[in-house]
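Heads up: the structure comes next, in structure tokens.
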Protein chains: 2
Amino acid sequence: MARMVGGQAGGPAGGAARGAARPTLEEVAALAGVGRGTVSRVVNGSPRVSEKAKEAVLAAIAELGYVPNRAARTLVTSRTDSIALVVPEAETRLFSEPYFSDIISGVSAELAETEMQLLLILVRNRRERERLAAYLTAQRVDGVLLVSVHRDDPLPALLESLEIPSVLAGRRGDAEPLGYVIADNAGGARMAVRHLLRRGCDAIATITGPLDMEGARARLGGYRQALEEAGRPYREDLVGLGDFTEEGGRLAMRELLERSPGLDAVFCASDLMAAGAMQVLRAAGRWVPQDVAVIGFDDSVVARHTEPPMTSVRQPIEEMGRTMARLLLEEIGSPGRAHRQVVLATELVVRDSA
Amino acid sequence: MARMVGGQAGGPAGGAARGAARPTLEEVAALAGVGRGTVSRVVNGSPRVSEKAKEAVLAAIAELGYVPNRAARTLVTSRTDSIALVVPEAETRLFSEPYFSDIISGVSAELAETEMQLLLILVRNRRERERLAAYLTAQRVDGVLLVSVHRDDPLPALLESLEIPSVLAGRRGDAEPLGYVIADNAGGARMAVRHLLRRGCDAIATITGPLDMEGARARLGGYRQALEEAGRPYREDLVGLGDFTEEGGRLAMRELLERSPGLDAVFCASDLMAAGAMQVLRAAGRWVPQDVAVIGFDDSVVARHTEPPMTSVRQPIEEMGRTMARLLLEEIGSPGRAHRQVVLATELVVRDSA
DNA sequence: AGGCCGAGTGGGAGCGCTCCCACACAGGCT
DNA sequence: AGCCTGTGTGGGAGCGCTCCCACTCGGCCT
């Protein structure tokens, strides 16, 4: 078992052969009695190989346990067979909790049948953003998935100018040139507000997300549409500005109560904000849903654990991850093609808060 | 801008030069008026370079925007400069929600100053496990971080036999040969139970995690120790078996109530189970904490949102991630050295449920 | 009969780097 | 003067693969 003797043995020593030397294409070719080219063709699924040669090669591969060396392949093809999932760190926590894992889970599921490997890159500050830029410029990935897009985020523009295949979760605006996948935010918001109207709510307030994010703006837009289609006025005094955080929800709720004490419902653009709002409502002696109905957005874990359990708009996050990966693979496969853009349906999950 | 003409242009076309050709070592050498070797030495920080040559090379690198080609480097060194974070999919959701993101966040933070890239590998079933084995055998990563270790998990054994540097989050048992990082599960459990004892609780029950996980066993062990050091008996009828899920917590709580209706406290090995337990208690007409005090484990988001907010044992998850990455880098840097094993302190966060 | 095709094949060249050997050259010793 | 250091340097070899050119060899055409 090649145990090392002497605890503090010299530095560079010890690097020794971990496991036996891996077989190369050449060795497979020798064993199969064919040339390197033929083995390569078999491995890469070229049709121009005789049945006989193919069998011999496959047998040799199996016998030697041959696995192609990715680095060698990358060196010549300059494909890397890996894609990066880029996540601005600030968002990690902020997002409704399972968001992050669910996106990853979807992406990974879609990649599972592929040779593609998934690189995770968290970007926490300016310096790391610059490192990322260098990284991408060096073409170390075949494509990029970018989560959480703010309107002034420089990353999408970078991806665009580098012409790296990429898909966003979100978009900068209506006319996003890059490929993206989003949930039907406006539609979800409309459903929520219609639900409140149907319940007989009259003064329906909303707490928005950060309005430099298209998703937050779309949710606000849906709120407004639902009111207008019901012939209700859109009242500025019923709109509270939040930032997707619980504390933001608390602050906005307090302000709303002060400004418009007569409100009888709140549609919040995130569950976390809704949870904060519910705390403030309770502290103010208002009962949910009797005095004030509350609806959140995301249908995250917290929604199931507030008191009362929260009605919320669900977005198919894992499906978003899958779709992102699928679009990206397509784009990598046929570059130059127009970017695809997908909107996935949302769904209202009714619990007890509205 | 090299726009492509003709929408549906033929398949293999369009792969054209995305961005200008990247400069190579050779070009840098030419521009700096030195040999390839010298540039390589500068790039890799070898001390055996004159100040003058170094400056010339650095200037050339800056001018050309040179970034070393990783594949070429890997091909000759057979280092990959990447490590894999392996996560059994089943766990993704199960874990107290921010767990996953926090581990990643910690790992990534520790890697940020490094050349290392982070590969994320979710393993969802037997087939993917086998693919992973092939993957690791092909030595495509320099090291592995493995999250969530069950006693009979074949992965650690695989890592061991492959002699790949690796660090576990968790361990299989006391005598884990691989490197690992864990929280002081027993200590945390002791603190929780002591807190309950101090509060005057008399019949303290516990709901365990799946006992094929060392962490769950350790928490049960801590529960028992705290009782025994206080001279209280360890009563089997006060131990409910859970599985870390909310539903598991509900089931265990119902059983406990039936078996031992006199209980006045429950220490749960996870917040999710505690949340489930609290629902059952309320449904049974028992008030928390007046009739039954409840303590969870993890201090996850749900803990802050239960009614009443939950007292819970916090583990420093991000710190665990950082530590794992650090240990792994050390192990990669000096292989053959003994595996390091770290236990991080836990902390009792007191809220209203106990 | 001669010619021409296309299918199948072998193997050279080369991707961009690191490793290491050979060498130049300044300084300090006998 | 001659020698031996030690420091700094250039560049050949080669990592394992894909790409592509050149070749063979049947079968089909005129």
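Each chain gets a letter, A, B and so on, in the order its sequence line appears, and its residues count up from 1.
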Sugar-phosphate only, base, or nothing, as touched by A:Ala53 at under 4.0 Å among non-hydrogen atoms: sugar-phosphate
A:Asp153 side chain to A:Val149 backbone, donor-acceptor under 3.5 Å: no
B:Val167: which of B:Leu146, B:Leu329, B:Val342, B:Leu328 passes side chain to side chain contact (heavy atoms under 4.5 Å, CB included): B:Leu328
Closest listed nucleotide, where the reference is the side chain of A:Thr24 and the choices are C:dG10, D:dC17, C:dT18: D:dC17
A:Arg171 side chain to A:Tyr180 backbone, donor-acceptor under 3.5 Å: no
Gap between atoms NZ and P, on A:Lys54 and C:dT9 respectively (whole Å): 11 Å
Residue whose nearest DNA chain C nucleotide is more 5′ - A:Arg36 or A:Lys52: A:Lys52
Separation of atom CZ in A:Arg140 from atom P in C:dC17, rounded to whole Å: 11 Å
Polar side chain donor-acceptor pair, B:Arg70 to A:Thr80, under 3.5 angstrom: no
Whole angstrom value for the distance that separates P of C:dG14 from CG of B:Leu25: 19 Å
Any B:Ser50 side-chain nitrogen or oxygen under 4.0 Å from OP1 or OP2 of D:dT9: yes
For A:Asn69 against A:Ala71, the heavy-atom pair lying closest together: OD1-N, 2.8 Å
Exam field: side chain A:Thr77 to backbone A:Arg73, donor-acceptor pair closer than 3.5 Å: yes
N/O donor-acceptor pair under 3.5 Å between B:Asp142 side chain and B:Asp81 backbone: yes
Nearest-angstrom distance from the residue atom CD of A:Glu51 to C1' of C:dA7: 14 Å
Gap separating the CZ atom of A:Arg340 from the CE atom of A:Met324, nearest 0.5 angstrom: 14.0 Å
Pair B:Glu160 + B:Arg172, salt bridge at N-O below 4.0 Å: yes
Difference in axis direction between the ends of the helix from C:dA1-D:dT30 to C:dT30-D:dA1, five pairs, 10°: 60°
Nearest-Å distance for atom pair CD/C1', residues B:Glu27 and C:dC15: 13 Å
Integer-rounded Å distance: D:dC20 P and A:Arg41 CZ: 12 Å
Distance in angstrom units between A:Glu115 CD and D:dT18 P, rounded: 11 Å
C:dT18 phosphate, OP1 or OP2, under 4.0 Å from B:Ser40 side-chain N/O: yes
N/O donor-acceptor pair, side chain A:Arg48 with base C:dG6, under 3.5 angstrom: no
Test item: B:Gln341 side-chain N/O and B:Glu176 main-chain N/O as donor-acceptor pair under 3.5 Å: yes
Positions of residues 60-81 of chain B (non-hydrogen atom under 4.0 Å from DNA chain D), listed by number: B:Leu75, B:Val76
Interatomic distance where CD belongs to A:Glu26 and P belongs to C:dG10 [whole Å]: 12 Å
Base D:dG16 to side chain A:Arg22, donor-acceptor N/O within 3.5 Å cut-off: no
